[in-house]
Colleague: 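Encoded as structure tokens, here's the structure I'll be asking about.
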Amino acid sequence: MERITDYLVADHGRLRALLGQAMGGSELALDAYEAFRAGLLRHLAIEEKLLFPAAKAARGAPLSQMPVIRAAHAEIAALLAIHPTPERCARLQALLEAHDAVEEGGGGAYADCEQLLGPDESVALGGRARAFGAVRVAKYRDLAPP
């Protein structure tokens, strides 16, 4: 069985690869971008609905990194809500690189969650994360592509 943070770290890699595919050609590969967009929205939902509430319950208060994480989630969601352009994708790529560093690694939010949750709860949440369904992906807010 896989801990939730192992699942989420692997998902970071999958999402980076999809964004790289979307940006890899002379024009944006929209099919790869749409898979990235839906996957990233699902990933954010897993963090916001499963992991961070469980950590908050275990700690009795939100993680110290939550203001930074929530600000990044809001900026990421805002970029996902409008049609992609190469510039917006590059901004997403930079945001995700910085954001993933806050979550991953020895001093990151995921390590704090693991310490708070313990192995059994982490594995249970990992199962719930794997089973987490697709999220509703709304139409773009800007009605026409740029």
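Only this structure's heavy atoms are used, side chains among them; waters, hydrogens and symmetry mates stay out.
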Colleague: Establish whether Met1 and Leu50 are linked, either directly or via other cluster members, by ILVMFWY side-chain heavy-atom contacts under 4.5 Å.
Modeller: no

Colleague: Atom CD of Glu114 and atom OG of Ser122: how far apart are they, to the nearest 0.5 Å?
Modeller: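 Spacing of CD (Glu114) from OG (Ser122) equals 3.0 Å.
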
Colleague: Between CD of Glu48 and CG of Leu41, what distance do you get to the nearest 0.5 Å?
Modeller: 12.0 Å

Colleague: In sequence, state the C-alpha distance, the side-chain angles, and the governing distance for Glu103 and Ile69, and then conclude on side chain to side chain contact (heavy atoms under 4.5 Å, CB included).
Modeller: CA-CA 8 Å; Glu103 292 178 338; Ile69 290 171; 4.2 Å; yes

Colleague: Hey, any chance Val9 and Tyr7 share a hydrophobic cluster, counting ILVMFWY side chains that come within less than 4.5 Å of each other, even indirectly?
Modeller: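 Same cluster: Val9 reaches Tyr7 through Ile, Leu, Val, Met, Phe, Trp or Tyr contacts under 4.5 Å.
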
Colleague: Once rounded to the nearest 0.5 Å, what's the spacing between atom CG of Leu95 and atom CG of Asp100?
Modeller: 10.5 Å

Colleague: Do Gln115 and Tyr110 have a side chain donor and acceptor closer than 3.5 Å?
Modeller: no

Colleague: May I ask you to test the His83-Arg141 pair for a side-chain heavy-atom distance under 4.5 Å?
Modeller: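 The answer is no; the side chains never approach within 4.5 Å.
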
Colleague: Say you draw a straight line from CG of Leu15 to CZ of Arg37; how long is it, rounded to the nearest 0.5 Å?
Modeller: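 It is 14.0 Å, given to the nearest 0.5 Å.
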
Colleague: With a 4.5 Å cut-off on side-chain heavy atoms, are Ile46 and Leu51 touching?
Modeller: no

Colleague: Considering only heavy atoms from C-beta outward, does the side chain of Tyr140 approach that of Pro84 to under 4.5 Å?
Modeller: yes

Colleague: Would you check if the side chain of Arg128 reaches a backbone N or O of Ala124 as a donor-acceptor pair within less than 3.5 Å?
Modeller: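 It does not hold such a pair.
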
Colleague: In the structure I gave you, are the side-chain heavy atoms of Leu96 and Leu40 within less than 4.5 Å of one another anywhere?
Modeller: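 The answer is yes; the side chains approach within 4.5 Å.
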
Colleague: Considering only heavy atoms from C-beta outward, does the side chain of Gln21 approach that of Asp31 to under 4.5 Å?
Modeller: no

Colleague: Please lay out, stage by stage, how Arg130 and Asp6 fare under the test salt bridge (charged side-chain N to carboxylate O under 4.0 Å, His left out).
Modeller: CA-CA 11 Å; Arg130 279 187 301 285; Asp6 293 334; over 6 Å; no

Colleague: Do Cys113 and Phe52 come close enough that some side-chain heavy atom pair is under 4.5 Å?
Modeller: yes

Colleague: Between His43 and Arg14, is any pair of side-chain heavy atoms under 4.5 Å apart?
Modeller: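 No - every pair of side-chain heavy atoms lies 4.5 Å or more apart.
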
Colleague: Does Arg42 CZ have over 12 foreign heavy atoms under 6.0 Å away?
Modeller: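 Counting other residues, nucleotides and ligands, CZ of Arg42 exceeds 12 neighbours.
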
Colleague: For His73 and Glu47, which I'm curious about, is there any donor-acceptor pair between the side chains at under 3.5 Å?
Modeller: yes

Colleague: Would you say Glu97 has more than 12 foreign heavy atoms packed within less than 6.0 Å of its CD?
Modeller: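 For Glu97, atom CD is not crowded (no more than 12 foreign heavy atoms under 6.0 Å).
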
Colleague: Does Glu75 form a side-chain hydrogen bond (donor to acceptor under 3.5 Å, both in side chains) with His99? I'd like the steps, not just the answer.
Modeller: CA-CA 11 Å; Glu75 189 172 357; His99 179 66; over 6 Å; no

Colleague: Give every donor-acceptor pair under 3.5 Å between a side-chain atom in residues 55-68 and any protein atom, sequence neighbours left out.
Modeller:
residue, atom, partner, partner atom, Å
Arg59, NH1, Pro62, O, 2.2
Gln65, NE2, Asp112, OD2, 2.7

